[in-house]
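What follows is a set of notes on a single structure, which appears directly below.
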Amino acid sequence: MSEKELRKSMSVFPIGTVIKLTDLSARQIRYYEAQKLVTPKRTDGNQRTYSLNDVDRLLEVKDWLKAGYDMAGIRSIYQEKSATTTIQWEEHRLTDNDVRRLFYDDILSESRLGATTPFKRS
DNA sequence: TTTCTAACA
DNA sequence: TGTTAGTA
């Protein structure tokens, strides 16, 4: 893993900063952590500290939600293991972009309708 | 002041 | 998900 990636994985900001960066509520951010969508580190007084990668992941989660995914669906998208190598990380990005491209039209139509119309299969 | 956990009018 | 209570 390059130094640049190490920095992206470095947990540095508190939840307050993440809220501003993602426009998600603290409630949602903590809930997504419980769903294993992000894994912030804990510091001093049990405070959560997020990395750039965590913020990026949260922003992607917002896209999945807009595309109509539910927690279970998003959870299945990222079922990565503890050891995330550089190559696996890159592949993960490509996969995300491909899927996002697939739902591009859906996301646009959702925006036009102004309302969220969840579509899930069983 | 900010964040944390737990719980619910 | 929002929001509130009582802490650290």
Side-chain angles (χ1 to χ4, degrees):
Chain A
M1 186 181 277
S2 71
E3 184 180 311
K4 185 185 295 182
E5 287 159 358
L6 282 175
R7 291 180 188 291
K8 289 180 179 177
S9 299
M10 195 178 333
S11 298
V12 288
F13 18 68
I15 196 167
T17 303
V18 180
I19 291 174
K20 293 176 180 175
L21 264 35
T22 65
D23 277 299
L24 289 172
S25 66
R27 182 78 164 75
Q28 289 176 298
I29 298 172
R30 294 177 184 133
Y31 177 61
Y32 298 160
E33 175 188 4
Q35 301 309 303
K36 298 182 180 300
L37 267 43
V38 287
T39 53
K41 297 294 181 292
R42 294 303 186 104
T43 58
D44 40 17
N46 195 39
Q47 304 288 93
R48 269 170 270 249
T49 50
Y50 300 80
S51 67
L52 289 173
N53 281 171
D54 290 326
V55 174
D56 194 61
R57 166 76 118 270
L58 253 9
L59 290 173
E60 289 180 355
V61 168
K62 287 181 62 180
D63 290 338
W64 301 135
L65 292 175
K66 279 194 297 184
Y69 280 80
D70 54 11
M71 279 304 107
I74 299 175
R75 223 181 306 152
S76 65
I77 295 173
Y78 309 92
Q79 205 52 337
E80 61 182 345
K81 299 303 177 182
S82 55
T84 304
T85 68
T86 299
I87 296 177
Q88 294 178 323
W89 194 77
E90 293 302 335
E91 293 179 334
H92 184 64
R93 292 289 301 179
L94 290 177
T95 299
D96 286 350
N97 290 325
D98 288 339
V99 178
R100 192 180 310 190
R101 206 164 289 124
L102 287 174
F103 288 90
Y104 187 62
D105 291 329
D106 291 296
I107 296 175
L108 288 182
S109 58
E110 293 298 313
S111 299
R112 278 196 289 277
L113 291 175
T116 55
T117 307
F119 57 84
K120 50 185 177 182
R121 46 246 155 279
S122 57

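Values reported hereafter were calculated over all heavy atoms of this structure, with side chains retained and with hydrogens, waters and symmetry mates removed. The sequence lines fix the lettering, A, B, ..., with proteins before strands; numbering per chain opens at 1.
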Minimum heavy-atom distance between A:L21 and A:V55, given as atom pair plus value: CB-CG1, 4.1 Å

Contacts of A:D44 that satisfy side chain to side chain donor-acceptor pair (under 3.5 Å) - sequence neighbours left out: none

Exercise: identify the closest heavy-atom pair between A:I74 and A:Y69: CG1-CB, 3.6 Å

Candidate list A:I15, A:D54, A:T43, test side-chain contact (heavy atoms from CB on, under 4.5 Å), partner A:T49, passing option: A:T43

side-chain hydrogen bond (donor to acceptor under 3.5 Å, both in side chains) pairs, two or more places apart, involving residues 11-22 of chain A: none

Listed partners of A:S9 passing side chain to side chain donor-acceptor pair (under 3.5 Å), at least two apart: A:N53

Qualifying residues under side chain to side chain donor-acceptor pair (under 3.5 Å), relative to A:S25, sequence neighbours excluded: A:Q28

Stems involving DNA chain B, each a run of at least 3 consecutive Watson-Crick or G-U pairs under 3.5 Å: B:4-8 with C:2-6

Exercise: identify the closest heavy-atom pair between A:Y50 and A:I29: OH-CG2, 3.3 Å

Where chain A begins and ends its contact with DNA chain C, read 5' to 3' at 4.0 Å from heavy atoms: C:dT1 to C:dT3

Set of residues satisfying side chain to side chain donor-acceptor pair (under 3.5 Å) with respect to A:Q35, sequence neighbours excluded: A:R75

Summary of protein contacts for nucleotides 4-9 of chain B, nucleotide by nucleotide, where a base hit scores B, a sugar-phosphate-only hit scores S (4.0 Å, heavy atoms): SB-B--

By salt bridge (Lys or Arg N to Asp or Glu O under 4.0 Å) - contacts of A:R48 (at least two apart): A:E33

